[in-house]
Student: 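One structure is given below, represented as structure tokens, and several questions about it will come after.
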Amino acid sequence: MASRRRRVRSSRGVGAGATWREDTAVLQDRIAAAPGRCDRIGPGRARPDSEPPAGYVSRFPEERAMAELPKEYDAKSAASKWSQAWKSAGVYTADVNDERPAFSVVIPPPNVTGSLHMGHALNNTLQDVLVRYKRMDGFNTLWVPGTDHAGIATQWVVRRQLEAQGIDFRDLGREAFVEKVWTWKEEAGGTIVNQLKQLGVSCDWSRERFTLDPDLHQAVTEHFVRLYEEGLIYRGQRLINWDPLDQTALSDLEVEQDEGVKGELWSFAYPIREEDGGGEIVVATTRPETMLGDTAVAVHPDDPRYQHLIGKTLKHPFVDREIPIIADAILVDPEFGTGCVKVTPAHDPNDFEVGKRHSLPMINILTLDGKLNAEGGRFEGMDRFDARKAVKEAIAELGLDRGAKEHVLNIPRSQRSGAIVEPMLSTQWFVRMKPLAGPARSAVELGFTRFVPTQWENTYYAWLRDIRDWCISRQLWWGHRIPAWYAPDGSVYVARTFEAACEKAGRDDLVQDPDVLDTWFSSALWPFSVFGWPAKTEDLAKYYPTSVLVTGFDIIFFWVARMMFAGIHFTGNVPFSDVYIHALVRDQHGEKMSKTKGNVVDPLTVIDEWGADAFRFTLVAFAAQGRDVLWDPARVEGYSKFTNKIWNALKFAFMNAEGYDPNGPMEDGPYELWIRARTGAAVQRVRDAIDGYRFNEAASEIYNFVWGEYCDWYIELSKTALYDDNASRARKNAVQHALFSTMGAIVRLLHPIMPFLTEEIWSLLPGTEGFVATAPYPKAADYPVEAAVLTDVARLQQTITEVRRIRGEMGIARKVPLTLLVSDDGLYSSLYRHAAALRELAGAQLEQSADFPKLVAIAVVESKECAIPLEGVVDIAAEIARLEKTLVKVEKDVEQLDKRLSNKAFVERANPEIVADIRAKRDAATAKLNSLQASLKRLKGGT
RNA sequence: AGGCACGUAGCUCAGCGGGAGAGCACCGCCCUGACACGGCGGGGGUCGGCGGUUCAAAUCCGCCCGUGCCUACCA
């Protein structure tokens, strides 16, 4: 609630400001003016150097004065500005008539009661990365958002609110209560949706759905009725999981085990009837009160200790009941305890099976709120845990207590309420799962749906293999009412409407089943109910099956598997081609985040502090396949610096943009060719990473390219031309163009991860049109590669690094000018063209000379010696020390490489390319070694 | 009890058959005309242990030890 209010206020604040309305108007005009823009910017074509790229128009610098560029990137104002702009331009509204191939995703609908947590943030950020990428890459892209009505959770929220006002929800009555819930939903249900918007997700909000929407309700009814008609839904008395707090049945999945709880295994004696010879039989239990529902004691048929007792009868100490001693080989393990087991068919799953095998009476001893009922005799009306104590005391009074020992056990609890769940005999609705599980399984086996990472397929198979029938009725008021009606005689009529049921029954005094369906029963239909199924809508035809489902492993059973069988059963199609399973977000120490542990990180706080872009980038960078995300606050801070770095690079481009004419002549130098080729390589790596759902790799590729290549190298190299008064206009123009167009590629590449920053920059870049959100994603083919330039610049980089290392290791200040002497002709002529860069980046003046002075520092570039005269710069001992240090390393290298090459087996059997490669490395290392030794000798000889 | 992951630099994690990597942290030097939310350079790991396969293993296989999770559970 609080965050919702905050958001409303802030957007009003922005709306009242001077700029955003104007911006929006400009953007709208641009969009109107540029239809089909996506197809124009050169995918697959290399740009001739003499021509400006498509999409760049000449309106610079008049419209882009430097004064407009703020000193720092303001994440908050950019976020609200662009959210508004995207919304009013309808950027994320999919057009069903758009002929391009579809890429569609349905959101895992968060609970309508929910508020955004790290899991949501990760899940939706990853979806948004895929969706934005595909939208830019030319697909008719649709991301359907929505929320889930979350039966139990929502009912509780409103129930508690009423209780706070002193109202018992039961007194209100069903209709009034459900009305209250709807009111609550309208007022507060939008919280999580608004929070998602702060993340910057590009959902099509015009298609937002709620699992209780009328047409989705129709889908649920259809689902139920058809399965019933096909005999796949039945009503029956079964042992189910009962939550006495919420007073509803639960499915097996909604029960969690509290593991390793210390308790006791308590033993007591059942007296054997006098007629059967008297004596006693000792049984043990962790739930003493259940003895009130015992209808047998079982022993193993082959157990010699008890064989004579089989068929004899026991006298129940508290209730008027005689119970038989039976033989059951399945239930009883003669090695455990006394080898005798009390049997309570109505309150234990194994005992239930025994009860069926031996036709035992099944006596329910509990009321729906977990108290003892009339079957409890003198214990009637007691709470189950009070009764447990009372039974033990009463047994002791009778002298039948046979002691207790410590015992570690698991306690089943309701996932929602936390209450201890009781197995209870109850009449409920069930889905027969076996016939549905088969196709769901083979659809994955046959590859119609693929799990990423693949390992999750095993989990999926295992669950479907051992699947049990699904209890789908819930004793709640909030949810999809079961479409079943009862006649006064108890007969059942399942139909789509009351009228249809009446027609079937031939009477009109039918009463509808009071129960609602498991929330997941409606979630199972989500991938097609959102498109209007069972109606044959255009959306359904265009966007179903969806392309990918992105979700956490914790709901593979709850949701993924159920969508699979529902989708296959009703549409004949798998609901999605890919299922990308991401991990859980934990804290730095790998602990699951939980309120009780107090280690919860609130995504909204992170967004507030560092901005949505840095937050999203962090999540993506952490999202390695098959690994949990360990949240480290320091990383967000680090990535917020990344946004700053990009912003400053942009500033640099603008500061040096004087005279830039995108349509003017351009004369590319080697660095322009180099950065273009490197851009293409980065584009390919990023695309490959996203295509393979390797999100973290995509993030780090972009990061390394922007920081390590564009900023650290290209910007620095660009200065050689920009600061050169003798450089021609065409030369400078080419550099300016490379600065801007590479930045254009960077923001397009990065947009899926950092939508706001990139949109902001796109709007400032000269010549761009429309939104980056709909600009074409870069293609590697747009960036020509000249291999010679790559090796040439790599050589330069190596040389610069060598000089810098010598400076660093010898403590030579940056200001002290150095001379770099190169003797080798080839190396010299290669470096000669980069003399300016050597001066600018390494502070070294290039000279050719075969005659090195005595006092020099030696740098080896591609096995060729270069020398830096140190006369008057540094003392000789320091250089000797430095060279000796290097020598040790190189000696080790040579030794290792020689060792491998002297291994005949390696030379003969290894891949020849590898062997050649190792030889080359050995030769290079040897050359370096020789050179170092020679230098050392010279230096030492000189003293 | 079964199953699945994971154990790599102080921390968080990439790499998963050819000479050990990133970010942060750490140590030097530098307020160089985009950025000190910065630049340049550097130190640091017998890749959990033991065996095996291979010319070659952090990388594949087996066992063991630790950690986490999932499923099923003994009254």
Student: When rounded to the nearest Å, what value does the distance between C1' atoms of B:rU12 and B:rC50 take?
Tutor: 29 Å
Student: Is the base of B:rC35 touched by the side chain of A:Lys645 through a donor-acceptor pair closer than 3.5 angstrom?
Tutor: yes
Student: Work out how far the C1' atom of B:rG45 is from that of B:rG10, and round it to whole angstrom.
Tutor: 11 Å
Student: Report yes or no: do A:Glu802 and A:Thr799 form a side-chain donor-acceptor pair below 3.5 Å?
Tutor: no
Student: Using the benzene-type ring in the case of Trp, are the ring centres of A:Tyr671 and A:Tyr714 under 6.0 Å apart?
Tutor: no
Student: Can A:Asp608 and A:Lys76 be counted as an ion pair, charged N to O under 4.0 angstrom?
Tutor: yes
Student: For A:Cys340, which contact category applies under a 4.0 Å heavy-atom criterion: base, sugar-phosphate, or nothing?
Tutor: nothing
Student: Taking atom P of B:rC69 as reference, at what distance in whole Å does atom NE2 of A:His582 sit?
Tutor: 17 Å
Student: Where do N or O atoms of nucleotides 2-4 of chain B meet protein N or O atoms at under 3.5 Å, pair by pair?
Tutor:
none

Student: Determine the interatomic distance between P on B:rG43 and the same-named atom on B:rG49; round to the nearest Å.
Tutor: 25 Å
Student: With side-chain contact (heavy atoms from CB on, under 4.5 Å) as the criterion, how do A:Leu750 and A:Phe617 come out once you've worked through the C-alpha distance, each side chain's angles and the decisive distance to 0.1 Å?
Tutor: CA-CA 9 Å; A:Leu750 183 57; A:Phe617 196 93; 3.8 Å; yes
Student: Write down the distance between CG (A:Asp328) and P (B:rC74), rounded to a whole number of angstrom.
Tutor: 14 Å
Student: B:rC35, B:rA34, B:rG39: which one has an atom nearest the side-chain heavy atoms of A:Asp712?
Tutor: B:rG39
Student: Heavy atoms under 4.0 Å, any strand shown: does A:Arg468 hit a base, just sugar-phosphate, or nothing?
Tutor: sugar-phosphate
Student: Could you pull out the protein-nucleic contacts involving nucleotides 14-24 of chain B (nitrogen or oxygen on both sides, under 3.5 Å)?
Tutor:
residue	atom	partner	partner atom	Å
B:rA14	OP1	A:Arg627	NE	2.5
B:rA14	OP2	A:Arg627	NE	2.1
B:rA14	OP2	A:Arg627	NH2	2.9
B:rG18	O2'	A:Arg900	NH2	3.4
B:rG19	OP2	A:Arg900	NH1	3.3
B:rG19	O2'	A:Gln896	OE1	3.1
B:rG19	N7	A:Lys921	NZ	3.4
B:rG19	N2	A:Asp893	O	2.7
B:rG19	N2	A:Asp893	OD1	3.4

Student: Can you check the A:Ile812 CD1 to B:rC29 P distance for me, whole Å?
Tutor: 15 Å
Student: Out of B:rA75, B:rC69, B:rG33, which nucleotide sits closest to the side chain of A:Tyr723?
Tutor: B:rG33
Student: Excluding sequence neighbours, so at least two apart, what forms salt bridge (Lys or Arg N to Asp or Glu O under 4.0 Å) with A:Glu280?
Tutor: A:Arg402
Student: Can you name the residues that form a side-chain hydrogen bond (donor to acceptor under 3.5 Å, both in side chains) with A:Arg305, not counting sequence neighbours?
Tutor: A:Asp303
Student: Would you mind listing every salt bridge (charged side-chain N to carboxylate O under 4.0 Å, His left out) that reaches into residues 894-921 of chain A, with sequence neighbours excluded?
Tutor: A:Asp898-A:Arg922, A:Asp917-A:Lys921
Student: Parallel, tilted or perpendicular: which one describes the rings of A:Trp647 and A:Tyr73, with boundaries at 30° and 60°?
Tutor: tilted
Student: Using atom C1' of each nucleotide, how far apart are B:rC27 and B:rG66 to the nearest Å?
Tutor: 34 Å
Student: With sequence neighbours left out, which residue pairs that include part of residues 336-353 of chain A fulfil the salt bridge (charged side-chain N to carboxylate O under 4.0 Å, His left out) condition?
Tutor: A:Arg287-A:Asp348, A:Asp294-A:Lys342, A:Glu353-A:Lys356
Student: Find which nucleotide of RNA chain B each of A:Thr643 and A:Ala649 is nearest to by heavy atoms, and output the residue with the more 5' nucleotide.
Tutor: A:Ala649
Student: Examine the side chains of A:Asn648 and A:Lys651 and answer whether a donor and an acceptor come within less than 3.5 Å of each other.
Tutor: yes
Student: Is the phosphate of B:rC74 approached by A:His407 (side-chain N or O, under 4.0 Å from OP1 or OP2)?
Tutor: no
Student: Given the P atoms of B:rA56 and B:rC65, what is the spacing between them in whole Å?
Tutor: 29 Å
Student: Provide the distance between the two P atoms, one in B:rG21 and one in B:rC26, to the nearest whole Å.
Tutor: 23 Å
Student: For A:Leu409 and B:rA1, give me the distance from atom CG to atom P, rounded to whole Å.
Tutor: 17 Å
Student: So A:Leu331, base contact, sugar-phosphate only, or nothing? Heavy-atom distance under 4.0 Å.
Tutor: base
Student: Does the structure place the NZ or CZ of A:Arg562 under 6.0 Å from the centre of the six-membered ring of A:Phe557, at an angle of no more than 45° from the ring's axis?
Tutor: no
Student: Would you indicate which nucleotide in B:rA75, B:rG39, B:rC70 comes nearest to any side-chain atom of A:Phe336?
Tutor: B:rA75
Student: In whole angstrom, give me the gap between the C1' atoms of B:rC16 and B:rC60.
Tutor: 9 Å
Student: Between P on B:rG33 and NZ on A:Lys651, what's the gap in Å once rounded to a whole number?
Tutor: 13 Å
Student: Would you kindly give the NZ-to-P distance between A:Lys405 and B:rA75, to the nearest whole Å?
Tutor: 11 Å
Student: Please map the stems of RNA chain B, keeping only stretches of three or more Watson-Crick or G-U wobble pairs with both distances under 3.5 angstrom.
Tutor: B:1-7 with B:65-71, B:10-13 with B:21-24, B:26-30 with B:38-42, B:48-52 with B:60-64
Student: Just jot down the salt bridge (Lys or Arg N to Asp or Glu O under 4.0 Å) partners of A:Asp893, sequence neighbours excluded, or say none.
Tutor: none
Student: Salt bridge check, A:Lys392 against A:Asp401: does any charged N sit closer than 4.0 Å to a carboxylate O?
Tutor: no
Student: Could you work out, with ring-ring contact (aromatic ring centres under 6.0 Å, His included) as the rule, every residue matching A:Tyr270, not counting sequence neighbours?
Tutor: A:Phe268, A:His316
Student: So what does A:Val343 hit on the nucleic acid, given a heavy-atom distance under 4.0 Å: a base, only sugar-phosphate, or nothing?
Tutor: nothing
Student: Scan the side chains in residues 451-466 of chain A for donor-acceptor partners under 3.5 Å anywhere in the protein, sequence neighbours excluded, and list what turns up.
Tutor:
residue	atom	partner	partner atom	Å
A:Glu457	OE2	A:Phe451	N	3.1
A:Tyr460	OH	A:Ala440	O	2.7
A:Tyr461	OH	A:Glu445	N	3.3

Student: Please report the distance separating the C1' of B:rC13 from the corresponding atom of B:rA25, rounded so that it comes out in whole Å.
Tutor: 14 Å
Student: Can you measure A:Trp647 atom CH2 to B:rC37 atom C1' for me and round it to whole angstrom units?
Tutor: 15 Å
Student: Please list, chain by chain and in numerical order, all residues satisfying side-chain hydrogen bond (donor to acceptor under 3.5 Å, both in side chains) with A:Glu609, sequence neighbours excluded.
Tutor: none
Student: Roughly how many Å is it from CG in A:Asp258 to P in B:rC69, rounded to a whole number?
Tutor: 13 Å
Student: Sort me out a list of protein N/O and nucleotides 41-45 of chain B N/O pairs below 3.5 Å, or just none if empty.
Tutor:
residue	atom	partner	partner atom	Å
B:rG42	OP1	A:Arg805	NE	2.6
B:rG42	OP1	A:Arg805	NH2	3.2
B:rG43	OP1	A:Lys889	NZ	3.0

